[in-house]
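Side-chain atoms are counted along with the backbone in the values below, which use heavy atoms only and exclude waters and symmetry mates. So that the names make sense, note that chain A is the first sequence line, chain B the second, and so on, each numbered from 1.
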Number of protein chains: 2
Amino acid sequence: MSPETHIVDDDPAVRDALHWLLQSRGVPSRIWASPQEFLDFVDRDLRGCVLLDVRMPGISGIELFDHLRTRHCRLPVIFLTGHGDVPMAVDAIKNGAFDFLEKPYSDNALVDKVLLAMATDAELCTREDSIGVVEVNLAQLTAREHEVMQRILAGKLNKVIADELGIAMRTVEVHRSRIFEKMNVRSAVELSQLLSMLSGKFEG
Amino acid sequence: MSPETHIVDDDPAVRDALHWLLQSRGVPSRIWASPQEFLDFVDRDLRGCVLLDVRMPGISGIELFDHLRTRHCRLPVIFLTGHGDVPMAVDAIKNGAFDFLEKPYSDNALVDKVLLAMATDAELCTREDSIGVVEVNLAQLTAREHEVMQRILAGKLNKVIADELGIAMRTVEVHRSRIFEKMNVRSAVELSQLLSMLSGKFEG
DNA sequence: TTCGCCATTGTGGATTTCCGCAAACACGCC
DNA sequence: GGCGTGTTTGCGGAAATCCACAATGGCGAA
């Protein structure tokens, strides 16, 4: 899926103007006449960014934004609004919108924002890819292995873990070994670091 | 230093009105007639939140905000503005402002925001305290211990570390032991987790 | 110069980890 | 029933960690 800017606006004139502007600047874009249409299309693998009119019939831009996030779509969203609404802008940004622009907008400014959003998304994807690998590996662990891993990450000795689970130390060793193998690490420290980036998803 | 709401506004009428409002609701507050006055007073241990007028003579609210952050003051800042300026609000929030309110504001809404900001600050402090402890412990490590720790966190074996540093394994063991002692942990895993919260300061 | 802190190393032993080889039992699927 | 997967365990040995006891040399402060 190559990255695109998804323009969602019910006004054909605005829609096409945006589409034309972006195309003319070499930014691949795609238009959607209604929020629902776009919503039906999105999946978590979508790449690029979203240009969203705040006021639309049916689902508002803000609501569409919420739906996107609920569906684990992390695409950067740039809102476009006709008349300055500070509380709404503040709320949108607080909720993780990428930007909030007032009409009339400067063409250059808008294109810059879009490019920035797309770059941000691309960067985020790189990170999420490595996170994805970790999550896939994690999913391969069996229930018992999870129990053991949890205790390894608590810094407990094999002996203690064996006691807690009521099994032999040798068994814990086997689980430990399998965990490392499946998670593709060679020490508990590496494992710990790998999992720490799961909670700090949006950090460095 | 007990938590206070710091009101910074050049207009005596607004200033006093805010002060009175907060006092009447039992929120300890303090007024500052000029940004510079407040700036001269702040230090990193200040607690509470800041209520800031955007437009002030000399240093603007936005600039004051930047100065605060530059000085490592993490206090939540609520902006107050006369006429809705969306780009400015968006920028402020993106830069980490706590909120951005338009005048005229509802008394209740403002008090709520202030209370929320103060609660947020209190919570943040708790976290930063524990981070502070880690940093203090970290500062107690000698240069050599840092070198060894770095390699421990890379998951290297004592033998390898000894080779890299050109010293005996026994020496590495001693350093390792001292590091654990000073950092108050009992395993490399705990150490790794402790340090992971240093980079992810603003996470859970 | 004496004292304290840091870095260094050794000996020797207790404990733990890591791992190959081997095997038993349960459970679900075809 | 046969097969695969997951869980369990034992044996025994190599390697690594942890630690108490003991000691040397450098370097800066009092």
| query | Checking all strands, does B:T142 fall into the base, sugar-phosphate, or nothing category for heavy-atom contacts under 4.0 angstrom? | reply |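 Sugar-phosphate, no base atom in range.
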
| task | Choose from D:dT9, D:dT7, C:dT8 the nucleotide whose nearest atom is closest to any side-chain atom of A:A168. | result |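 Looking only at side-chain atoms, A:A168 lies closest to D:dT9.
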
| Full working for side-chain contact (heavy atoms from CB on, under 4.5 Å) between B:H175 and B:R178 | CA-CA 5 Å; B:H175 284 316; B:R178 285 221 193 302; 5.7 Å; no

| Over all atoms of both residues, closest heavy-atom pair of B:A117 and B:I78 |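 In terms of heavy atoms, the two residues are closest at CB-CD1, 4.0 Å.
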
Quick one: [X] [atom1] to [N] [atom2], roughly how many Å, whole number?
X	N	atom1	atom2	result
B:I161	C:dA7	CD1	P	15 Å
A:L165	D:dT7	CG	P	11 Å
A:R151	C:dT16	CZ	C1'	19 Å
A:H146	D:dT7	NE2	P	11 Å

| said: Does the protein touch nucleotides 11-29 of chain D at the base, only the backbone, or not at all? Give it as B, S and - per nucleotide, heavy atoms under 4.0 Å. | reply: B----SSBBBB--------

| Any B:H175 side-chain N or O less than 4.0 Å from OP1/OP2 of C:dT8 |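 Yes, because at least one side-chain N or O of B:H175 sits under 4.0 Å from OP1 or OP2 of C:dT8.
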
| task | State whether A:R144 places a side-chain N or O below 4.0 Å from either non-bridging phosphate oxygen (OP1 or OP2) of D:dT8. | result |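 It does, given that an N or O in the side chain of A:R144 lies less than 4.0 Å from OP1 or OP2 of D:dT8.
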
| B:L115 and B:V111, any side-chain heavy atoms less than 4.5 Å apart |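 B:V111 reaches B:L115 side chain to side chain.
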
| Could you give the angle between the helix axes at the two ends of the helix from C:dT1-D:dA30 to C:dC30-D:dG1, with five pairs per end, rounded to 10 degrees? |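 Taking five pairs per end, the axes differ by 40°.
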
